[in-house]
Protein chains: 2
Amino acid sequence: MQGLTELLKGSLEGIVLQHIGHGETYGYEITHYLIDLGFEDIVEGTVYTVLLRLEKKGLLTVERRKSAVGPQRKFYQLNAAGEAYLQEFWTKWDFLAQKMTQLKED
Amino acid sequence: MQGLTELLKGSLEGIVLQHIGHGETYGYEITHYLIDLGFEDIVEGTVYTVLLRLEKKGLLTVERRKSAVGPQRKFYQLNAAGEAYLQEFWTKWDFLAQKMTQLKED
DNA sequence: TCCTCTACATTGTTTTACTATGTACCAGTA
DNA sequence: TACTGGTACATAGTAAAACAATGTAGAGGA
């Protein structure tokens with residue numbers, strides 16, 4: 001789906017965190033995962049800026065390791081702060097989603 | 001609920017449009033409606049910028065009328081373009097919400 | 001050698017919402 | 001009359017988030 005750009009603002013961070021929470025991963029994989037999910041417009045640059053931001057906030061642990069098929073990968077995992085942040089994100093999301101449903105239906 | 005700022009980016013426009021779609025209204029009323037809905041952080045300035053943006057996009061019809069209790073009010077209504085835009089918005093929102101649920105649950 | 005896919009990164013721009021502030025009208029009251 | 005509080009709109013400046021464009025570089029295959 002296209003044109004989700006503006007709506008995605010604010011959610012993308014949570015989406016990326018949630019995916020990392022499913023298991024260690026790296027930027028390039030995340031990008032393609034998001035595109036496969038249906039966020040066609042997502043480009044690599046966007047994902048990397050999100051990752052660097054999350055890293056800067058201290059929500060991720062990072063480890064560089066070699067890949068068999070290309071340059072080194074930067075593997076990310078959630079740390080405790082990341083888990084907490086993710087939980088908070090879902091609380092906010094659930095609130096918003098509930099309000100949106102309410103708005104839409106009445 | 002507080003701290004929704006970032007999540008709200010992209011949704012606020014749709015929320016305001018949807019509310020206007022329920023019937024003619026004006027900025028001050030919208031602001032208080034949103035706060036009552038639970039978006040405590042919303043301030044007047046934000047709502048007015050959204051309204052001016054929507055107006056500039058040609059999605060609203062505008063009419064100034066006197067109020068019994070204060071200065072003139074600027075009443076907004078959705079026009080055809082606004083209706084179409086709102087429908088598009090909900091399509092995108094539904095897509096995002098569905099993906100978020102999917103993400104959260106697996 | 002050249003191309004493609006993999007992989008990360010940065011610089012600059014646009015969009016969106018917030019902060020702060022200002023203007024102004026009206027009613028009640030001291 | 002002067003002051004206060006509620007109503008109502010508006011704008012200038014700032015911060016955050018995502019995008020666009022671009023660059024670097026490794027590995028494998030034609």
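First the proteins, then the strands, lettered A, B, ... as listed; each starts at 1.
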Within this structure, what is the [atom1]-to-[atom2] distance between [X] and [N], rounded to whole angstrom?
{"X": "B/Leu54", "N": "C/dT16", "atom1": "CG", "atom2": "C1'", "answer": "12 Å"}
{"X": "A/Phe39", "N": "D/dA18", "atom1": "CZ", "atom2": "C1'", "answer": "14 Å"}
{"X": "B/Leu51", "N": "C/dT16", "atom1": "CG", "atom2": "C1'", "answer": "14 Å"}
{"X": "B/Leu96", "N": "D/dA18", "atom1": "CG", "atom2": "P", "answer": "12 Å"}
{"X": "A/Leu8", "N": "D/dA20", "atom1": "CG", "atom2": "C1'", "answer": "16 Å"}
{"X": "A/Arg65", "N": "C/dC8", "atom1": "CZ", "atom2": "P", "answer": "12 Å"}
{"X": "B/Ile42", "N": "C/dA20", "atom1": "CD1", "atom2": "P", "answer": "16 Å"}
{"X": "A/Glu6", "N": "C/dT16", "atom1": "CD", "atom2": "P", "answer": "4 Å"}

(message) For a 4.5 angstrom cut-off between non-hydrogen side-chain atoms, does B/Leu12 reach B/Leu34?
(response) yes
(message) Taking the side chain as everything from C-beta on, heavy atoms only, tell me whether B/Ile30 gets closer than 4.5 Å to B/Ile20.
(response) yes
Look at the side-chain N and O atoms of [X] and state whether any lies under 4.0 Å from the OP1 or OP2 oxygen of [N].
{"X": "A/Thr46", "N": "D/dC19", "answer": "yes"}
{"X": "A/Arg64", "N": "C/dA9", "answer": "yes"}
{"X": "B/Tyr48", "N": "D/dC9", "answer": "yes"}
{"X": "A/Ser67", "N": "C/dA7", "answer": "yes"}
{"X": "B/Arg73", "N": "D/dT7", "answer": "no"}

(request) Nearest 0.5 Å please: distance from the CZ atom of B/Arg65 over to the CZ atom of B/Phe75. (result) 4.5 Å
(message) Nearest 0.5 Å, please: how far is OG1 in B/Thr101 from CH2 in A/Trp93?
(response) 7.5 Å
(request) For A/Gln72 and for A/Lys57, find the nucleotide of DNA chain D with the closest heavy atom, then tell me which residue's nucleotide is more 5'. (result) A/Lys57
(message) At a heavy-atom distance below 4.0 Å, what parts of residues 12-35 of chain A sit against DNA chain C?
(response) A/Tyr26, A/Gly27, A/Tyr28
(request) By nearest nucleotide on DNA chain C, pick out whichever of B/Ala68 and B/Ser11 is the more 5' one. (result) B/Ser11
(message) Please compare A/Phe75 and B/Val69 by the position of their nearest nucleotide in DNA chain C and report the one closer to 5'.
(response) A/Phe75
(request) Give one of base, sugar-phosphate or nothing for B/Leu52, where a contact means two heavy atoms less than 4.0 Å apart. (result) sugar-phosphate
(message) Applying a 4.0 Å non-hydrogen cut-off, can you work out what B/Lys74 is touching in the nucleic acid: base, sugar-phosphate, or nothing?
(response) sugar-phosphate
(request) Run through A/Val47, A/Val43, A/Val16 and flag the one making a side chain to side chain contact (heavy atoms under 4.5 Å, CB included) with A/Thr31. (result) A/Val47
(message) Nearest to the B/Val50 side chain among D/dA16, C/dA17, C/dA7, which nucleotide is it?
(response) C/dA17
(message) What's the closest nucleotide to the side chain of B/Pro71 if the choices are C/dA24, D/dC9, C/dT16?
(response) C/dA24
(message) Please check this pair: side chain of B/Lys99 against backbone of A/Leu37, looking for a donor-acceptor N/O pair closer than 3.5 Å.
(response) yes
(request) Identify the residue among A/Gln72, A/Arg73, A/Arg64 that makes a side chain to side chain donor-acceptor pair (under 3.5 Å) with A/Tyr26. (result) A/Arg73
(request) Give the cluster check for B/Val62 versus B/Leu78: same hydrophobic cluster or not, with ILVMFWY residues linked at side-chain heavy-atom distances below 4.5 Å. (result) yes
(message) What I want to check is whether an N or O donor and acceptor connect the side chain of B/Lys9 with the base of D/dA18 at under 3.5 Å.
(response) no
